[in-house]
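Data first, discussion second: the structure below is written as structure tokens.
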Amino acid sequence: MIVSLETLLMAAGAGVLGTLTGGMEAFIIYGFVVIAQTILASCGHDMTFFEQYLSNLVFLPAVMFSAAVPATAYAARKYDIKEWEIDRSLAFTHDPMVLLVGAITGMVGYSLFALAVNYHFPMDTGAFSVICVAVVARLLFRREQTINKHASRVLNDGGRWLWECVMAAVVAGLTAVFVKKTGIVTAGFMFSAALLVLQLFPKTVFFPTTHQITMVAGYAMIATGNIFIAMIFGVIAQIIFILFGGFLNMGCGAHIDPPAVAIGICSLAINLIF
């Protein structure tokens with residue numbers, strides 16, 4: 001990938017767009033963009049521009065979503081919003097500094113993503129960039145609480161753990177089948193991202209976050225060709241997601257994305273083992 005003035009300016013614009021839409025909404029848009037890209041590519045359309053400038057730049061989570069994270073943490077210091085409320089548009093602030101934070105971190109996120117791609121980092125490059133930007137935001141906009149002690153109650157909820165593991169295994173298994181049939185590692189991930197739109201209607205629909213499961217299962221399936229191994233890694237990803245999200249994210253300052261952490265750790269392990 002090429003980091004140029006043109007791509008950095010586009011990343012800055014995408015960062016501003018991410019602050020205006022909200023991080024979660026930006027990720028949902030990405031899911032629909034990748035679905036459209038996959039359909040068009042299967043119909044024989046030339047997707048060079050689409051891939052280079054849309055799915056791998058403007059709508060890339062490492063840019064658009066990532067920018068919303070530090071922008072939200074910054075806004076929380078001045079406005080009625082929590083650092084981890086990345087599902088809210090920051091347009092209500094009418095603050096150019098919020099947009100500037102989004103623009104700068106959009107460029108940083110894209111640069112880190114390009115670095116990881118160009119140097120073939122042995123892990124999911126998007127997760128690498130998202131985690132790095134979020135950690136910096138956490139350090140810059142610190143809170144007193146670094147560990148959420150109230151999250152320990154989840155450890156004693158056996159029924160919850162059983163449900164989570166069964167759900168993860170089923171989702172990972174289905175993903176593995178789709179990946180095997182299509183050869184597309186993101187076959188499940190793109191739908192998981194798009195289906196998060198259902199979380200915008202919490203009073204009528206409950207839909208769990210699954211993209212950490214589907215992305216990891218996709219990596220495991222491509223690496224091993226074994227559905228059972230893909231299911232195991234899907235469950236591991238879900239466990240990491242729950243523990244990190246509960247203890248080290250919620251209420252602890254700037255959002256460090258638990259799905260990205262799970263994807264980053266598991267993708268690194270898959271690349272190192274297989």
Side-chain angles (χ1 to χ4, degrees), residues 23-24 26-35 37-38 51 55-56 59-66 109 112-113 116-117 120-134 164-165 167-199 207-245 249 255-274:
M24 180 176 170
F27 185 64
I28 293 169
I29 292 170
Y30 171 78
F32 284 106
V33 167
V34 177
I35 290 173
Q37 172 185 311
T38 303
E51 292 177 4
S55 61
N56 280 331
F59 296 107
L60 185 72
V63 179
M64 199 170 167
F65 170 86
S66 246
L112 288 170
F113 176 78
V117 170
H120 307 289
F121 282 20
M123 66 184 297
D124 185 278
T125 51
F128 166 77
S129 178
V130 168
I131 293 169
C132 287
V133 171
E164 295 285 359
C165 290
M167 183 274 293
V170 171
V171 171
L174 289 173
T175 299
V177 173
F178 292 154
V179 172
K180 181 179 180 179
K181 296 294 184 181
T182 64
I184 302 173
V185 69
T186 57
F189 178 78
M190 65 180 82
F191 288 105
S192 289
L195 286 172
L196 283 176
V197 70
L198 298 176
Q199 290 192 4
F207 188 81
T209 301
T210 60
H211 56 281
Q212 70 281 352
I213 302 170
T214 51
M215 189 72 259
V216 168
Y219 278 130
M221 189 63 195
I222 291 295
T224 68
N226 189 304
I227 295 177
F228 182 67
I229 293 177
M231 292 173 67
I232 292 175
F233 272 99
V235 172
I236 293 172
Q238 184 66 3
I239 292 172
I240 294 172
F241 163 76
I242 294 169
L243 293 178
F244 184 88
N249 187 56
H255 179 82
I256 299 178
D257 195 50
V261 172
I263 293 170
I265 292 173
C266 290
S267 63
L268 179 61
I270 290 168
N271 281 320
L272 293 178
I273 295 172
F274 303 104

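Please read these numbers as outputs of a predicted model, since none were measured by experiment.
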- In this structure, CD1 of I131 is separated from CD1 of I265 (nearest 0.5 Å) by 7.0 Å

- side-chain contact (heavy atoms from CB on, under 4.5 Å) partners for F274, two or more places apart: A223, T224, I229, F233, I270

- Task: For residues G245 and P258, report the shortest heavy-atom separation together with the two atoms involved.
- Result: CA-CG, 3.5 Å

- Query: Is V185 close to M215 at the side-chain level, that is, under 4.5 Å between some pair of heavy atoms?
  - Reply: yes

- Message: Checking T38 now: which residues fulfil side-chain hydrogen bond (donor to acceptor under 3.5 Å, both in side chains) with it, not counting sequence neighbours?
- Response: none

- Query: Please, which pairs that meet side chain to side chain donor-acceptor pair (under 3.5 Å) have at least one residue in residues 183-198, sequence neighbours excluded?
  - Reply: S192-T210, S192-T214

- Message: When you compare the side chain of I236 with that of V216, does any pair of heavy atoms fall below 4.5 Å?
- Response: no

- OG of S129 to CG of D124: how many Å apart, nearest 0.5 Å? 10.0 Å

Would you list the atom pairs, donor with acceptor, under 3.5 Å between side chains in residues 169-182 and any protein atom, with sequence neighbours excluded?
residue, atom, partner, partner atom, Å
T175, OG1, V171, O, 2.8
T182, OG1, F178, O, 2.8
T182, OG1, I184, N, 3.1

- Message: Nearest 0.5 Å, please: how far is CG in L196 from NE2 in H211?
- Response: 6.0 Å

- Residue set satisfying side-chain contact (heavy atoms from CB on, under 4.5 Å) with A193, at least two apart, ordered chain then number -> F27

- Task: Indicate yes or no: at least one non-hydrogen side-chain atom of V63 is less than 4.5 angstrom from one of F113.
- Result: no

- Task: Check A168 against G234 and note the closest heavy-atom contact, atom names and distance.
- Result: CB-O, 3.9 Å

- Close side-chain approach of F244 and I256, heavy atoms under 4.5 Å: yes

- Report the distance from atom CE of M231 to atom SG of C165, rounding to the nearest 0.5 Å. 11.5 Å

- Mind listing the closest non-hydrogen atom pair of A262 and I240 along with its distance? CA-CG2, 3.8 Å

- Task: Give, for atom CZ of F59 and atom CD1 of I28, the distance between the pair rounded to the nearest 0.5 Å.
- Result: 13.5 Å

- Non-neighbouring partners of E164 that pass side-chain hydrogen bond (donor to acceptor under 3.5 Å, both in side chains), sequence neighbours left out: R160, Q238

- Query: Can you name the closest pair of heavy atoms from A62 and V130 and give their distance?
  - Reply: CA-CG2, 3.9 Å

- Which distance, rounded to the nearest 0.5 Å, do you find between the CZ of F128 and the CG of L112? 5.5 Å

- Message: So which atom in Q199 and which in P208 form the shortest heavy-atom distance, rounded to 0.1 Å?
- Response: NE2-C, 3.6 Å

- Minimal heavy-atom distance between I222 and G183, with the atoms involved, is CD1-O, 4.1 Å

